[in-house]
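Okay, structure first, notes after.
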Amino acid sequence: MSFEHQGEFQSDDEQLYRVRHSLAHVLAQAVLQLRPGSTLGFGPPIKDGFYYDFALSEPITDADFPEIERLMKKILKSGQRFYQENLPKSDAFARLAEMGEPYKQEYAEELCDKHDLDSLSFYRNGSFVDMCEGPHVDTTKEIPRDSFKLRSVAGAYWRGDSDNQMLTRIYAWAFLSKEELASYVQAYELAQERDHKKLGKQLGIYTIDNDIGRGLPLWLPNGTIIRDELEKLAFELEFQAGYQRVSTPHIAKQDLFFQTGHLPYYAEDMYPPMELVEQTEHGEKVKEAYVLKPMNCPHHHKIFDAEPRSYRELPLRLAEYSHVYRFEESGAVGGLVRVRGMCMNDAHIYCTEEQIKSEFRNVMELYAEAYRILGLESYYLRLSKSDPEDPKRKQKYVDNPNAWIKSEAIIEELLNEMEVDFVIGVGEAAFYGPKIDVQFPTVTGRDESVSTVQLDFAVPARLGLSYVGSDGLDHVPYCIHRAPLSTHERIVAYLIEHYGGAFPTWLSPVQVKVITVSDQFHDYGRKIVSALRAQFVRAELAEESDTVSKKVRAATVNKIPNLLIVGSQEEQDQTVTLRRYGIREQLTLPFEQFQDSIQQTIDQRASEFRVIEK
RNA sequence: GCUCACAUAGCUCAGGCGGUAGAGCGCUUCCUUGGUAAGGAAGAGGUCAUCGGUUCAAAUCCGAUUGUGAGCACCA
């Protein structure tokens with residue numbers, strides 16, 4: 001198993017860091033020129049450039065970018081020197097007050113309190129002064145004038161807290177040369193071509209209809225094939241790992257979720273209840289309330305509880321691909337990555353404390369196997385812990401400090417024993433326990449949790465789950481929640497971007513497209529298609545009376561992995577000419593040999609096509 | 001939820017300083033029967049997101065709503 005670590009922006013290139021940091025100051029200088037009376041927030045370097053936050057006197061939009069860039073270039077050209085000065089803290093506060101910089105002032109006071117500082121660092125270039133630790137370039141002449149580009153304007157809360165005022169953030173790309181900028185922008189644009197929202201539409205995978213609802217994707221025939229293949233994969237992996245499949249309804253009584261503790265912890269993320277109302281003498285009364293399930297665990301817990309359990313049955317592994325519904329905030333919903341209705345590769349493992357580690361390990365191995373088959377490599381692990389410092393912790397996490405310490409220790413120990421790299425996410429835990437999240441980068445450069453394994457020390461007890469131990473006494477089981485293949489929505493989004501829409505044969509909605517050289521070979525083409533379909537290969541004949549070129553192009557645009565070209569030669573020899581997606585060289589082989597080869601390619605879920613020699 | 005931008009044919013987009021619209025692809029039909037990324041011709045297809053306001057006149061200007069995108073916050 002290999003898990004790569006991926007951390008925050010840390011430039012190993014000191015000069016790049018200085019340039020970006022200095023450009024942030026130059027941007028602020030230009031914006032203050034254009035919008036006098038604006039004040040400053042933070043303006044750090046980031047992984048591909050920098051940003052700066054402003055409380056603007058007048059709004060700015062991207063239509064102002066050319067003007068701002070012009071002002072910035074003028075400043076760069078003028079060769080301003082950067083001077084550092086350290087002011088005693090009282091002088092520093094006085095200066096910030098004089099400058100009219102309330103955000104900087106607030107931060108300055110906090111810095112001094114927290115780190116017990118008695119002086120603060122400022123940088124001056126030209127007429128512009130900013131409280132800042134540096135480092136910076138010596139002079140703006142060091143900064144190439146053509147290697148940065150303003151990218152976007154967006155809102156951002158001061159100090160990242162939605163209770164605070166929203167500032168205006170301007171993002172920019174910045175590099176050390178024009179060429180580096182150009183190649184970065186080009187790579188960025190190329191990556192946008194892989195965006196699952198774009199390809200999902202182009203390849204007929206899913207659609208979202210406003211009459212159905214936001215965040216509620218409709219899976220088209222091509223997308224449904226991919227889902228079915230993933231479910232088949234999960235079924236096989238889980239069968240071999242000793243899981244049992246169960247099926248449960250999409251709704252349950254609201255009261256169940258009070259018992260589990262989801263309500264009130266999780267209320268904001270749930271669709272409002274469906275209420276059955278009864279007429280009484282005094283008016284209306286809610287007789288029963290049902291909710292759409294946001295998670296499957298309560299339903300599975302009830303299956304565990306459906307009969308008396310012995311320690312001999314543990315670990316009991318219950319698996320289900322099931323829909324859950326979460327009322328994500330409108331601004332969070334987008335494409336397939338954040339949706340309000342999703343189908344999850346869920347399972348719950350009930351086990352004893354002694355079994356936790358080995359079960360976690362089994363789950364991690366199942367993940368690694370699934371990722372290997374899917375060819376996914378660019379992920380890293382995050383140990384998601386609670387945050388004991390969080391003032392809102394009582395609303396966010398089950399209140400049982402000892403259980404948190406113990407369960408977090410078990411998982412961290414396991415990760416260390418497995419010798420895998422991981423980062424720690426403080427405050428990223430589930431409300432009922434710590435978890436290991438598997439993070440994947442999207443084409444838009446964000447990391448998202450795709451898969452997750454979670455340890456639950458709280459909910460089984462709340463529902464009164466128990467098993468009889470070898471000592472004849474009742475014990476509360478631990479529960480491991482896991483979803484290696486994530487939700488169909490999220491994993492398919494990643495797979496589309498990972499493969500750029502060109503799926504390996506086993507996942508591809510159309511696996512073989514038969515292209516005849518002219519209509520007179522359609523009979524042979526149809527014979528091939530029906531023989532392939534008889535072995536459950538998803539084959540189609542290109543029926544259009546177009547030229548071969550046109551049909552090849554159409555199939556290529558649709559990223560179909562295998563094309564079979566047939567004409568008089570092939571019909572006479574009972575062969576086919578195979579052209580693989582993205583490969584120009586082709587191969588003519590007996591049709592029967594192709595049948596065996598594609599069967600093996602599919603059965604092995606191979607990423608490449610290998611011809612079987614007879 | 002918040003900030004900003006955007007919404008024109010099935011798709012990708014142009015146009016429009018106010019006088020009710022265009023291209024390419026796709027689709028349909030016809031000709032072509034062609035050996036590897038677009039053969040040719042004709043045709044159908046749009047209350048310019050929705051609602052309201054200004055105006056003699058709104059797709060164009062203004063407002064609201066809905067949706068989409070980029071961020072922020074959120075994210076089991």
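Keep in mind it's a predicted model, so treat the numbers as computed, not measured. Chain letters run A, B, ... following the sequence lines, proteins first and then strands; every chain starts at 1.
Contacts of A:Glu359 classified as salt bridge (charged side-chain N to carboxylate O under 4.0 Å, His left out), with partners at least two apart in sequence or in another chain: A:Arg317. For A:Lys527, there are no salt bridge (charged side-chain N to carboxylate O under 4.0 Å, His left out) partners two or more places apart in sequence or in a different chain.
Within the 4.5 Å cutoff, no side-chain heavy atoms of A:Tyr271 are placed close to those of A:Val291.
Comparing B:U12 with B:G69, their P atoms are spaced 13 Å from each other, to the whole Å. Spacing of P atoms, B:C75 relative to B:C61, comes out at 40 Å, to the nearest Å. Remark: the separation of the C1' atoms in B:A14 and B:U60 is 15 Å, to the nearest Å. Taking the P atoms as reference points, B:A23 lies 14 Å from B:G45, given to the whole Å. B:U8 and B:A58: their C1' atoms are spaced 15 Å apart (whole Å). For the C1' atoms, the distance from B:C6 to B:C48 is 14 Å, rounded to whole Å. The separation of B:U20 from B:C56, taken at their C1' atoms, amounts to 15 Å, rounded to a whole angstrom. Taking the C1' atom of each, B:U55 and B:A41 are spaced 46 Å apart, rounded to whole Å.
Between A:Lys197 and A:Asp195 there is a salt bridge, since at least one side-chain N of the basic residue sits less than 4.0 Å from a carboxylate O of the acidic one. Ion pairing between a basic and an acidic side chain is recognised when a charged N comes within 4.0 Å of a carboxylate O; A:Asp346 and A:Arg482 show no such pairing. Classification of A:Glu448 and A:Arg490 as a salt-bridged pair holds, one side-chain N sitting under 4.0 Å from a carboxylate O. Between A:Glu328 and A:Arg338 a salt bridge is recorded (basic side-chain N to carboxylate O distance below 4.0 Å).
Within 4.0 Å of A:Pro59, counting heavy atoms only, lies no atom of the nucleic acid at all.
Residue pairs meeting the salt bridge (Lys or Arg N to Asp or Glu O under 4.0 Å) criterion with at least one partner in residues 154-169 of chain A, sequence neighbours excluded, are A:Asp53-A:Arg169, A:Glu110-A:Arg159. Screening residues 541-582 of chain A for ring pair (Phe, Tyr, Trp, His ring centres under 6.0 Å), with sequence neighbours left out, gives no hits. Within the structure, the salt bridge (Lys or Arg N to Asp or Glu O under 4.0 Å) test picks out no pair touching residues 260-271 of chain A (sequence neighbours left out). Among residue pairs with one or both ends in residues 539-554 of chain A, those qualifying as salt bridge (Lys or Arg N to Asp or Glu O under 4.0 Å) are A:Lys513-A:Glu540, A:Arg526-A:Glu543; sequence neighbours excluded.
Taking atom CD1 on A:Ile60 and atom P on B:A5, their separation rounds to 12 Å, with Å as the unit. As a whole-Å value, the separation of A:Ile68 CD1 from B:C4 C1' is 13 Å. Rounded to an integer number of Å, the gap from A:Asp53 CG to B:C4 P is 15 Å.
For A:Phe148 and A:Phe50, the gap between ring centers reaches or exceeds 6.0 Å.
Each of A:Thr61 and A:Phe327 lies near RNA chain B, and the nucleotide nearest A:Thr61 is the one positioned closer to the 5' end.
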Problem - Which nucleotides of RNA chain B pair, in dot-bracket form (Watson-Crick or G-U under 3.5 Å, | meaning another strand) - result: (((((((..((((.....[..)))).(((((.......))))).....(((((..]....))))))))))))....
For nucleotides 44-52 of chain B, tabulate all protein N/O to nucleotide N/O atom pairs closer than 3.5 Å, reporting atom names and distance.
none

Listing time: all N or O pairs from protein to nucleotides 68-75 of chain B that are below 3.5 Å?
residue, atom, partner, partner atom, Å
B:U68, OP2, A:Arg214, NE, 2.7
B:U68, OP2, A:Arg214, NH2, 2.7
B:G71, O3', A:Tyr171, OH, 3.1
B:G71, O2', A:Tyr171, OH, 3.4
B:G71, N2, A:Gly155, O, 3.4
B:C72, O4', A:Gly155, O, 3.0
B:C72, O2', A:Tyr157, N, 2.9
B:A73, O2', A:Ser162, OG, 3.1
B:C74, O2, A:Arg338, NH2, 2.7
B:C74, N3, A:Arg338, NH1, 3.3
B:C74, N3, A:Arg338, NH2, 3.4
B:C75, O2, A:Arg338, NH1, 2.5

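Because its NZ or CZ atom is both nearer than 6.0 Å to the ring centre of A:Tyr171 and within 45° of the ring axis, A:Arg151 counts as a cation-pi partner of that residue.
Looking at A:Lys293, A:His250, A:His488 one by one, the single match for side-chain contact (heavy atoms from CB on, under 4.5 Å) with A:His323 turns out to be A:His250.
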Exercise for the section: If a protein heavy atom is under 4.0 Å from the base, mark B; if only from the sugar-phosphate, S; if neither, -; do that for nucleotides 26-37 of chain B going 5' to 3'. Expected result: S-----BBBBBB
Handout entry: B/S/- contact track for nucleotides 6-12 of chain B, protein heavy atom under 4.0 Å
Key = ------S
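Taking the six-membered ring for Trp and thresholds of 30 and 60 degrees, A:His348 and A:His300 have ring planes more than 60 degrees apart, a perpendicular arrangement. A:Trp404 and A:Tyr397 have perpendicular rings, their planes meeting at more than 60° on a 0 to 90° scale where under 30° would count as parallel.
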Which donor-acceptor pairs under 3.5 Å do side chains of residues 453-460 of chain A form with protein atoms, sequence neighbours excluded?
residue, atom, partner, partner atom, Å
A:Gln454, OE1, A:Tyr432, OH, 2.4
A:Gln454, NE2, A:Thr452, OG1, 3.1
A:Asp456, OD1, A:Ala458, N, 2.8
A:Asp456, OD1, A:Val459, N, 2.9
A:Asp456, OD2, A:His481, NE2, 2.9

